[in-house]
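In what follows, chains are A, B, ... by sequence order, proteins preceding strands, each numbered from 1.
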Number of protein chains: 2
Amino acid sequence: MNQKLPELSKAEWAVMKVIWKLNKTNVREVCEELEESQHWAYNTVRTMMERLHEKGYVSTKKVGSMYFYRPRVSRREVAIAAFDSFSEKVFDGAVGPIVSYLIDQDKLSESELAEIRRLLKTKEE
Amino acid sequence: MNQKLPELSKAEWAVMKVIWKLNKTNVREVCEELEESQHWAYNTVRTMMERLHEKGYVSTKKVGSMYFYRPRVSRREVAIAAFDSFSEKVFDGAVGPIVSYLIDQDKLSESELAEIRRLLKTKEE
DNA sequence: GACAAACTGCTACACATGTAGTATAATTTG
DNA sequence: CAAATTATACTACATGTGTAGCAGTTTGTC
């Protein structure tokens with residue numbers, strides 16, 4: 001689970017998110033799913049999926065002559081690693097100010113705020 | 001202020017953070033400041049600073065035959081843009097779960113939690 | 001003023017990333 | 001089965017990023 005994978009680029013993230021969503025899929029399906037938002041050529045998506053495979057994010061299985069892909073790591077786990085790396089890069093690891101900023105600038109919905117209040121209560125001793 | 005600058009790479013962030021810290025500086029000073037953490041060659045730092053200039057993050061002034069650099073944008077502003085881009089890429093813009101995660105996993109110090117509680121109070125109606 | 005140290009101007013180069021194209025093989029369809 | 005469609009195999013190429021090097025100029029020091 002924790003084998004320190006190479007980081008994902010922006011385009012790789014977009015593709016990987018679809019793979020997480022569809023769970024077991026192929027190039028065409030991912031391509032269709034991204035049609036609206038990115039409209040990339042089939043081969044572009046395929047290149048991304050191959051790179052995700054090389055990087056260890058997806059496994060592939062050849063069924064007949066066709067390939068299927070599925071995630072090898074959970075989205076949560078990858079998102080957390082990405083967040084850690086990002087917060088180190090930008091905030092030197094100090095995430096408190098980020099959260100303060102988000103709350104202060106009303107970037108959170110009412111329900112999210114409620115959830116945060118609830119969590120905070122559980123942290124009270 | 002809001003001219004949509006190209007994004008910064010990891011190495012550029014490291015250099016830019018020093019420039020923000022020193023405010024008006026030159027290659028040598030930045031190089032020294034980074035000695036411990038990165039130990040890059042002088043020319044490596046210089047390349048970064050030139051790229052930061054091309055990207056619009058710093059202004060340069062030639063005094064005699066030497067260049068001085070200073071930030072053209074605030075760190076806060078750049079950090080916010082980076083955060084927005086990151087949260088879009090990784091969380092599709094939904095930042096609530098990030099915050100929940102941070103609180104839940106005790107990534108925040110007691111004083112940060114206190115600050116968050118305080119902010120939350122101000123948001124209560 | 002000669003020499004060394006520091007700085008500038010210009011260039012380089014490998015690997016990553018975005019974005020495919022071409023040629024060929026397999027599959028579906030009339 | 002022949003043609004059309006769809007996949008795969010392999011390749012490409014511009015731009016970005018990390019990481020400098022070299023040659024020449026300016027400056028500081030004896």
Side-chain angles (χ1 to χ4, degrees), chain A residues 4-19 22 24-69 78 82 85-86 88-90, chain B residues 4-19 22 24-69 78 82 85-86 88-90:
Chain A
K4 208 43 159 45
L5 303 174
E7 295 196 1
L8 297 178
S9 73
K10 197 167 251 176
E12 285 163 351
W13 259 101
V15 170
M16 196 62 209
K17 284 192 285 194
V18 175
I19 299 177
L22 302 178
K24 175 171 185 249
T25 186
N26 59 26
V27 177
R28 187 180 37 73
E29 282 181 351
V30 174
C31 208
E32 281 162 11
E33 191 77 18
L34 288 167
E35 187 55 46
E36 284 303 293
S37 58
Q38 322 277 355
H39 90 84
W40 279 325
Y42 182 95
N43 277 336
T44 299
V45 175
R46 194 154 61 102
T47 299
M48 290 302 150
M49 290 172 77
E50 272 163 20
R51 288 179 186 169
L52 289 170
H53 182 227
E54 285 160 17
K55 288 188 176 185
Y57 284 85
V58 301
S59 62
T60 61
K61 183 141 84 149
K62 197 167 189 168
V63 178
S65 72
M66 280 177 59
Y67 284 105
F68 287 89
Y69 300 75
V78 176
S85 163
F86 171 81
E88 190 58 40
K89 177 178 75 174
V90 174
Chain B
K4 209 45 160 43
L5 303 173
E7 295 197 359
L8 296 178
S9 74
K10 196 168 253 179
E12 285 163 351
W13 259 101
V15 170
M16 196 62 209
K17 283 191 284 193
V18 175
I19 299 177
L22 302 177
K24 173 170 185 252
T25 187
N26 58 27
V27 177
R28 186 180 38 73
E29 282 181 351
V30 173
C31 206
E32 281 163 11
E33 190 79 17
L34 289 167
E35 187 55 46
E36 285 302 293
S37 57
Q38 322 277 356
H39 89 84
W40 279 325
Y42 182 94
N43 278 336
T44 299
V45 176
R46 192 159 59 108
T47 300
M48 291 302 149
M49 291 172 76
E50 273 164 20
R51 288 178 184 169
L52 288 170
H53 181 227
E54 285 160 17
K55 289 188 176 184
Y57 283 86
V58 301
S59 62
T60 60
K61 181 141 85 149
K62 198 165 188 170
V63 178
S65 71
M66 280 177 60
Y67 284 104
F68 288 89
Y69 299 75
V78 176
S85 163
F86 172 80
E88 189 57 40
K89 175 178 75 175
V90 174

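- Rounding to the nearest 0.5 angstrom, the gap separating the CZ atom in R51(B) from the CD atom in E54(B) is 8.0 Å.
- Atom pair E50(B):CD and dG16(D):C1' shows a separation of 16 Å (rounding to whole Å applied).
- At whole-Å resolution of the value, CD in E7(B) and C1' in dA16(C) are 16 Å apart.
- Checking dG18(C), dG21(C), dA20(D) against every side-chain atom of N43(A), the shortest atom distance belongs to dG21(C).
- With rounding to whole Å, K61(A) atom NZ is found 15 Å from dT8(D) atom P.
- The phosphate of dG18(D) (OP1 or OP2) has a side-chain N or O of S9(B) nearer than 4.0 angstrom.
- Scanning atom types as modelled, no donor and acceptor separated by under 3.5 angstrom connect the side chain of S65(A) and the base of dA7(D).
- Residue F68(A) contributes atom CZ, which lies 11 Å from atom C1' of dA7(D) at whole-angstrom precision.
- For R28(B), taking side-chain heavy atoms from C-beta onward, the closest of the listed nucleotides dA6(C), dT8(D), dA12(C) is dA6(C).
- Of the candidates dT8(C), dA20(D), dG18(C), the closest approach to any side-chain atom of M48(A) belongs to dG18(C).
- Rounded to a whole Å, the OH atom of Y69(B) is 6 Å from the P atom of dT8(C).
- Per the geometry, NZ belonging to K62(B) stands 15 Å off C1' belonging to dA6(C), to the nearest Å.
- Side chain of K17(B) to main chain of K89(A): a donor-acceptor pair is present (N/O by atom type, distance under 3.5 Å, no hydrogens or angles).
- Y67(A) comes within 4.0 angstrom of sugar-phosphate atoms only, judged by non-hydrogen atoms across all strands, and of no base.
- Nearest nucleotide to the side chain of K10(B), out of dA9(D), dT8(C), dG18(D): dG18(D).
- E35(B) CD: more than 12 foreign heavy atoms inside a 6.0 Å radius.
- Note that the CG atom of L5(A) and the OH atom of Y57(A) stand 4.5 Å from one another [nearest 0.5 Å].
- Contact between the side-chain N/O atoms of K55(B) and the OP1/OP2 oxygens of dT17(D) is found at a separation under 4.0 Å.
- Side-chain atoms of R46(A) come within donor-acceptor range of the base of dA9(D), with a qualifying N/O pair under 3.5 Å.
- For a distance-only test at 3.5 Å, the side chain of N26(A) fails to qualify as a donor-acceptor partner of the base of dT6(D).
- Annotation: E32(B), atom CD; neighbour count of heavy atoms from other residues, nucleotides and ligands within 6.0 Å is above 12.
- Between dT19(D) and Y42(B), no contact under 4.0 Å exists linking OP1 or OP2 to a side-chain N or O.
- Proximity note for T44(B) (side chain, C-beta onward) versus dA20(C), dA20(D), dT17(C): the nearest is dA20(D).
- E32(A) has its CD atom 16 Å from the P atom of dT5(D), to the nearest Å.
- Residue R51(A) has its side chain nearest to dA12(D) when only dT8(C), dA20(C), dA12(D) are considered.
- In this structure, M49(B) atom CE and dT8(C) atom C1' are separated by 13 Å, rounded to whole Å.
- A distance of 5.0 Å separates CE of M66(A) from CG of N26(A), quoted to the nearest 0.5 Å.
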